[in-house]
Amino acid sequence: MSSLDMEKLVSLCKRRGFIFPSSEIYGGIGGFWDYGPLGVELKRNIKDAWWHDIVRTRDDMVGLDCSIIMNPRVWEASGHVGGFSDPLVDCKKTKERYRADQLWVFIYRFNAKDDPGKHLEFWWGSLGGAPEEARKAAEARAAKVAKKLGQPLDSSVTGYMQLAPEDRDKVIGPSVDEAGTLTEPRSFNLMFKTFVGALESESNVAYLRPETAQGIFANFKNVCDTGRVKIPFGIAQVGKSFRNEINPRNFTFRSREFEQMEIEFFCKPEDAKEWYAYWRKARFDWYVKLGLRSEKLRLRDHDPDELAFYSTATADIEYAFPFGISELEGIAHRGDYDLTQHMKFSGKDLTYFDEESKARFTPHVIEPSAGADRATLAFLCEAFHEDVVENETRTVMKLHPRLAPIKAAVFPLVKRDGMPEKAMSIHKCIQQKFASFYDQTGAVGRRYRRQDEAGTPYCITIDGQTLTDDTVTIRDRDSLKQWRVPSANIDTIIEDLITGKTTVPGADSAN
RNA sequence: GCGGGUGUAGCUCAAUGGUAGAGCACCUGCCUUCCAAGCAGGACACGUGGGUUCGAUUCCCAUCACCCGCUCCA
């Protein structure tokens, strides 16, 4: 799919009511999106499928729904308050961007050539994790100047962050030869700050969570104390998270408000490697099962230098979006980092006592963390098709029946002879079990096409024959095949098709 | 945050310094027995705010949003 097709998808999403720009009538707001009538059903079906497969049908998983705003100490323990904000400096000339805390300023003083009593100062900016790392580059520049002016009188080093504001203009950026091209350090803090209580003061600062995971760790003891879980087990949570992304981009892919589907799976330290391998595969297979083609998906293991310092292994499930290959879900082996951090900061014992082995230990954690909006976008991209039928383009969303916003649409072939009444009663019947849509306007072919764009897998049409033998036609979205079935147990017939218990008949038995 | 581009109806596009048009979609009626039918009628738009001008959708400035590239993404 080219980028042109991404535009088509965005257009279809808006036209058919999948996704709208947030607060559009006020000019919108970057990084926020709304789900329309079809979109909310699709996203809900994805979250429901996840919850069903991860929590309901497993005996080693329980669910949780914790608050979005937590005690701010949670985010100190997790490292988000300290590590989630980087002061950045831009070079106005080269457009390069540096981390201000890794930019060191080496000040060298030389005697001026024509006037030995006068001193010249050079403030060279140089990059490095510590001054020692940065020194080499500065020394090279000093040596160059020394050829003209002689050896420097003295030198000193300071952090760019520590400079007085009026001195920042003196600094020569790492990639330029003139001073004054660097901006003030600006803090790009990705945490959403707010205040708890009506009075705004530093003492009641709180944060909107940047991930749902920490709520699980903070509740680990509570869940264990309910006595219904034994290691190995997992806690699952679906919910909104917030990050002040520097640059939201690519439709809903990088949003500032987004929804996560996260698992923290707790196990014995010696079993962690095995569980990591298990979840790495299980989560990949889940996307394939729901319709993402495996050749568009890839499982990418992080390089050792890419890993967070506490993680021994991390893999990303990536999807080939039209705008590039990007992450849908990360599966991380987090060791005992999180529980240890929360023990340290809360002072509470979060170790686990294993009744069988009579051993006490800090569980290790495997974290499969998925983006619900990213999954939704991937399924939309995957589903989008433009088929050519009799020289006409048919836009059809080939969504997995389990995910389709509307499972069945019911049409009277024409608006008379009691067909609308019969169709309506069938629609009401199906509606008890599935999302169903009734439509009697215009030609039936147009109604089929409308449902194609919504991704509705099955259309049911009531015709003249229905009134005599009580059968209806079912039309399959992907094959365009039609066949007759009794209307009496139509809800069960649709259910069997959705669950895969039955399949579309090979023969076209339409009238 | 930087550079470039775009912004006209629900969608895709057009025209214009003098009150905006088309196709598709939508609504109503008639007609219609299976894949975007026909006829008649209808509703709907110049992203926002300033400036220039007698008059701005058009020119200028700012702002917002989106797209592309950079940057960032614990």
Side-chain angles (χ1 to χ4, degrees), chain A residues 3-4 6-8 10-17 20-33 36 75 78-86 88-99 183-184 186-191 210-211 213 243-251 253-254 256 306-311 314 322-324 326-327 330 332 387 389-396 411-417 419 440-453 459-467 472-477 480-482 484 508 510-511:
Chain A
S3 69
L4 179 69
M6 196 64 202
E7 282 174 33
K8 282 183 184 171
V10 173
S11 165
L12 181 140
C13 279
K14 189 175 173 199
R15 180 157 40 89
R16 285 300 171 193
F20 308 122
S22 170
S23 31
E24 195 185 11
I25 61 167
Y26 290 99
I29 176 168
F32 298 89
W33 299 88
W75 308 111
S78 69
H80 285 86
V81 169
F84 210 38
S85 90
D86 297 325
L88 298 174
V89 175
D90 289 307
C91 177
K92 285 179 264 191
K93 189 162 183 192
T94 66
K95 307 301 178 198
E96 284 176 307
R97 171 171 286 171
Y98 315 110
R99 279 185 53 170
T183 63
E184 294 289 301
R186 281 171 293 197
S187 184
F188 288 76
N189 191 337
L190 302 198
M191 293 288 279
E211 61 173 34
R243 296 183 189 183
N244 245 328
E245 296 289 351
I246 295 172
N247 192 355
R249 202 52 85 77
N250 290 330
F251 200 25
F253 183 82
R254 175 162 291 138
R256 293 194 165 114
E306 210 180 338
L307 294 173
F309 67 90
Y310 48 77
S311 178
T314 299
F323 48 77
S326 299
E327 180 187 347
D387 290 351
V389 178
E390 285 164 21
N391 290 326
E392 249 175 1
T393 303
R394 182 176 80 111
T395 304
V396 49
F411 309 145
L413 187 57
V414 289
K415 261 190 290 188
R416 56 171 163 77
D417 300 338
M419 290 181 211
Q440 63 170 33
T441 59
V444 74
R446 174 171 304 186
R447 285 177 262 164
Y448 286 141
R449 296 296 177 91
R450 244 182 234 146
Q451 293 306 313
D452 287 341
E453 282 195 338
C459 292
I460 293 147
T461 302
I462 285 70
D463 58 15
Q465 192 179 329
T466 309
L467 306 176
V472 296
T473 62
I474 299 186
R475 177 258 199 189
D476 175 59
R477 176 195 68 201
L480 299 180
K481 280 184 177 139
Q482 285 183 286
R484 294 200 81 89
D508 185 350
N511 287 356

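So you know, we letter chains A, B, ... as the sequences are listed, proteins then strands, and number each from 1.
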#### Entry: Qualifying residues under ring pair (Phe, Tyr, Trp, His ring centres under 6.0 Å), relative to A:Tyr310, sequence neighbours excluded
A:Tyr337
#### Entry: Distance-only donor-acceptor test (3.5 Å): side chain A:Arg475, base B:rC35
yes
### Task
Please identify each residue that fulfils side chain to side chain donor-acceptor pair (under 3.5 Å) with A:Arg477, with sequence neighbours left out.
none
### Message
Going by the rule salt bridge (Lys or Arg N to Asp or Glu O under 4.0 Å), which residues pair with A:Glu453 if we only count those two or more places apart in sequence or in a different chain?
### Response
A:Arg15, A:Arg16
### Message
OP1 or OP2 of B:rC68 versus the side-chain N and O atoms of A:Asn250: is any pair under 4.0 Å?
### Response
yes
### Task
With heavy atoms under 4.0 Å as the rule, sort A:Thr461 into base, sugar-phosphate or nothing.
base
### Message
By the 4.0 Å heavy-atom rule, please label A:Glu327 as base, sugar-phosphate, or nothing.
### Response
nothing
### Message
Rounding to an integer number of angstrom, what distance separates B:rU57 and B:rU19 when you compare their C1' atoms?
### Response
11 Å
### Task
Could you check whether A:Gly31 gets within reach of a base, just the sugar-phosphate, or nothing at all, counting any heavy atom under 4.0 Å?
sugar-phosphate
### Task
Report which part of the nucleic acid A:Phe411 touches: base, sugar-phosphate, or nothing (heavy-atom distance under 4.0 Å, all strands).
nothing
### Query
Using Watson-Crick pairs (N1 to N3, plus N6-O4 or O6-N4) and G-U wobble pairs, both distances under 3.5 Å, which stems of at least 3 pairs involve RNA chain B?
B:1-7 with B:64-70, B:10-13 with B:21-24, B:26-30 with B:38-42, B:47-51 with B:59-63
### Query
Can you tell if the side chain of A:Thr461 reaches within under 4.5 Å of the side chain of A:Arg475, non-hydrogen atoms only?
no
### Message
Ignoring hydrogens and geometry beyond distance, is the side chain of A:Gln482 in donor-acceptor contact with the base of B:rC34 at under 3.5 Å?
### Response
yes
### Message
I want to verify a distance call: between B:rA37, B:rG69, B:rC35, whose nearest atom is closest to the A:Arg249 side chain?
### Response
B:rG69
### Query
Distance check: side-chain N/O of A:Lys14 vs OP1/OP2 of B:rC11, anything under 4.0 Å?
yes
Find every protein N or O atom lying less than 3.5 Å from an N or O atom of nucleotides 25-27 of chain B, and list the pairs.
residue, atom, partner, partner atom, Å
B:rA25, OP1, A:Arg446, NH2, 3.4
B:rC26, OP1, A:Arg450, NE, 2.7
B:rC26, OP1, A:Arg450, NH2, 2.3
B:rC26, OP2, A:Arg446, NH1, 3.4

### Task
Kindly write out the residues that satisfy side chain to side chain donor-acceptor pair (under 3.5 Å) with A:Ser311, not counting sequence neighbours, or none if the list is empty.
A:Thr314
### Query
Taking atom C1' in both B:rC2 and B:rA45, what distance in whole Å separates the two?
33 Å
